[in-house]
Visitor: 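Would you mind keeping the following structure in view while I ask a few things?
Just the heavy atoms: all of them, side chains too, but no hydrogens, waters or symmetry mates, feed the values below. Computed from a predicted structure; not experimentally measured. Throughout, protein chains are lettered first and strands after them, A, B, ... in sequence-line order, and every chain is numbered starting at 1.
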Protein chains: 2
Amino acid sequence: MEGSPLQLDGPEPLWRQAAEAILQEIASGKLASGARLPAERDLFTRMSISRVTLRRALQSLVEEGVLTPSHGRGWYVSAKVPKEFPNTLESFSETAKRLGLTPSSDVLRAEEAPATLDEAEELSIAPGTTLFHLERIRRLDQVPVAVDTSFFAVALAPHLGQVDFRTASLFGLLIAAGIDLARAETTIEAHGADSALAQHLDMGVGKSTLVMRQLIVDASGRPLLSSTIRYAGDRYRLRTSFSRTGKFAWPVGAQPVASDRRGAA
Amino acid sequence: MEGSPLQLDGPEPLWRQAAEAILQEIASGKLASGARLPAERDLFTRMSISRVTLRRALQSLVEEGVLTPSHGRGWYVSAKVPKEFPNTLESFSETAKRLGLTPSSDVLRAEEAPATLDEAEELSIAPGTTLFHLERIRRLDQVPVAVDTSFFAVALAPHLGQVDFRTASLFGLLIAAGIDLARAETTIEAHGADSALAQHLDMGVGKSTLVMRQLIVDASGRPLLSSTIRYAGDRYRLRTSFSRTGKFAWPVGAQPVASDRRGAA
DNA sequence: AAGTGGTCTAGACCACCCC
DNA sequence: GGGTGGTCTAGACCACTTA
């Protein structure tokens with residue numbers, strides 16, 4: 001790996017292409033875990049881009065946990081390049097793939113209905129606004145692992161009536177419709193299963209379930225979609241990764257923990 | 001708000017100061033939620049910095065969820081500026097403060113011991129390495145809400161023997177010791193309480209608990225600390241916020257995403 | 001067409017690390 | 001020292017929005 005020039009090409013921004021090129025080098029093994037990258041001045045010369053652009057690429061890889069800069073020494077490939085990107089939850093189908101299982105769904109409800117007062121308040125819209133409700137049992141290799149209940153204003157994405165949600169992805173559809181899903185305000189609790197949930201998930205009443213509620217908002221903070229997923233406690237495990245970003249202190253306090261009393265918020 | 005010049009000053013990087021100045025304008029109400037910022041060319045002139053530096057500041061505020069750019073139209077203050085930063089968990093003491101409650105701890109264990117095979121494997125160190133074990137009952141206004149079990153190599157931070165962990169913050173101590181806590185690989189499950197846990201938390205055996213395990217790693221991915229926290233299910237609720245970063249497919253939080261596009265890499 | 005953000009450049013100087 | 005990343009600049013051109 002000397003002065004071999006790297007050719008970039010594509011419609012994407014230059015810095016994105018540069019980042020991809022570096023990821024390639026890592027994936028192909030030319031840059032091993034823990035290895036030091038060539039100096040910035042080498043890299044941007046070989047890629048025929050400016051130093052600013054190269055640094056933007058490097059910075060983006062830091063945020064993905066792939067690279068680590070060390071002032072005065074160089075850029076290093078992280079010891080363990082994370083398969084999952086930080087700060088995202090592993091999706092249902094990703095989990096299935098990792099475990100070698102087949103995901104599927106039973107649709108319990110897929111219909112339009114006017115928003116109740118509570119629903120309207122949660123989405124910050126007018127009561128009576130037409131919502132689309134979707135409720136599904138999620139399965140892995142036919143074993144039921146969760147019940148997923150979501151709703152959102154139909155105005156967001158019309159023509160969902162004829163979609164087959166046994167296989168379709170709600171998020172995929174919304175993104176494809178050009179909807180900007182920027183952030184998810186999330187709470188996670190543990191509860192005993194009520195009888196209806198226990199029946200859907202084929203488990204004992206009162207057994208532990210993991211309840212994840214998400215309010216998905218766009219970049220300006222406007223609520224778009226409400227989602228509640230109830231997992232059978234002994235059949236599922238959420239996985240994620242929290243990062244410190246920029247100059248902000250970590251989950252300081254005592255422990256990386258969050259909490260709330262019942263009923264609040 | 002016209003051409004009034006903004007004075008920056010401090011030891012921090014210019015772009016950080018610029019970001020703080022903008023946050024100030026928002027906090028003081030000069031820039032309301034949803035308001036449009038002055039044009040970039042105005043701002044960097046008034047702040048006497050370059051456009052690149054200003055944009056770095058603006059970009060950092062986008063990542064915090066404070067601003068939203070709109071190509072060809074301008075920069076806007078987000079509708080709801082989040083108090084918590086995305087992708088971090090609210091800490092125990094932060095929660096206590098928000099709820100107006102007083103946090104405290106009972107120390108069940110605080111001692112050194114050689115690493116077992118399992119512990120060594122989890123931290124990627126040699127079995128027998130001396131570890132520091134810390135186990136505490138966490139309380140809010142004296143009500144027990146969680147049992148926290150952590151361990152890490154004593155070599156990381158010596159002299160912890162005489163610390164009073166009834167009030168001290170483990171994370172705070174480690175950060176103060178200059179240890180780089182960059183990321184936390186996290187899993188979350190729901191379980192029924194065993195008898196020991198039930199007794200510590202003053203709850204019924206078999207009742208739901210939320211179990212959060214975290215492996216805290218440094219920027220290069222090297223494991224530093226293992227932490228397991230078991231919450232009484234009916235007394236706690238985890239809160240966080242997931243963001244989409246850059247161009248990657250979405251957090252999808254446990255939603256069935258059939259499209260499941262692996263971003264880059 | 002005018003105004004706005006989005007991308008990119010070439011060059012400078014500083015701070016840190018290691019020999 | 002010399003090499004490395006960290007910050008900052010002034011200016012250019014492009015793409016999108018609005019009128």
Visitor: Give the B/S/- string for nucleotides 11-19 of chain C, one per nucleotide from 5' to 3', where a protein heavy atom under 4.0 Å of the base yields B, of only the sugar-phosphate yields S, and otherwise -.
Guide: -B--BBSS-
Visitor: Can you figure out which of dT4(D), dC8(D), dG5(C) approaches the side chain of Ser50(B) most closely?
Guide: dC8(D)
Visitor: Between atom OH in Tyr76(B) and atom P in dT17(D), what is the gap in whole Å?
Guide: 11 Å
Visitor: Hey, which of Leu37(A), Val77(A), Leu31(A) is the one that makes side chain to side chain contact (heavy atoms under 4.5 Å, CB included) with Glu25(A)?
Guide: Leu31(A)
Visitor: Can a side-chain donor-acceptor contact be found between Gln59(A) and Trp15(A) if the only test is distance below 3.5 angstrom?
Guide: no
Visitor: Which pairs, with at least one residue in residues 151-165 of chain A and sequence neighbours excluded, count as a salt bridge (charged side-chain N to carboxylate O under 4.0 Å, His left out)?
Guide: Asp164(A)-Arg166(A)
Visitor: Does the side chain of Ser227(A) come under 3.5 Å of the side chain of Gln214(A) through a donor N or O and an acceptor N or O?
Guide: no
Visitor: Return whichever of Gln59(B) or Thr53(A) has its heavy-atom-nearest nucleotide of DNA chain C closer to the 5' end.
Guide: Gln59(B)
Visitor: Are Phe132(B) and Leu156(B) packed together at the side-chain level, in the sense that at least one heavy-atom pair is separated by less than 4.5 angstrom?
Guide: no
Visitor: For Thr130(B) and Glu112(B), does a side-chain donor sit closer than 3.5 Å to a side-chain acceptor?
Guide: no
Visitor: Are Arg239(A) and Thr186(B) side-chain neighbours, meaning at least one heavy-atom pair lies under 4.5 Å?
Guide: no
Visitor: Can you tell me how far P of dG2(D) sits from CG of Asp42(A), to the nearest Å?
Guide: 18 Å
Visitor: In whole Å, what is the span from the CD atom of Glu40(B) to the C1' atom of dC16(D)?
Guide: 13 Å
Visitor: dT4(D) C1' sits how many Å from Leu54(A) CG, rounded?
Guide: 13 Å
Visitor: With a 4.0 Å cut-off on heavy atoms, is Arg55(B) in touch with a base, just the backbone sugar-phosphate, or nothing at all?
Guide: base
Visitor: Taking CG from Leu67(B) and C1' from dT4(C), how many angstroms apart are they, rounded to a whole number?
Guide: 15 Å
Visitor: Round to a whole Å and report the spacing from CZ of Arg16(A) to P of dT7(C).
Guide: 12 Å
Visitor: Could you summarise the pairing of DNA chain D as dot-bracket text, marking Watson-Crick and G-U pairs under 3.5 Å with ( ) or [ ] inside the strand and | across strands?
Guide: .|||||||||||||||||.
Visitor: List the atom of Pro38(B), the atom of Leu43(B), and the distance in Å for their closest heavy-atom pair.
Guide: O-CD1, 3.6 Å
Visitor: Round to the nearest Å and state the distance from Leu14(A) atom CG to dT7(C) atom P.
Guide: 11 Å
Visitor: In whole Å, what is the span from the CZ atom of Arg56(A) to the C1' atom of dC8(C)?
Guide: 9 Å
Visitor: Quick one: are Val66(B) and Ser78(B) in side-chain contact, heavy atoms under 4.5 Å?
Guide: no
Visitor: Hey, is the side chain of Trp75(A) poking within less than 4.0 Å of OP1 or OP2 on dT4(D), counting only N and O atoms?
Guide: no
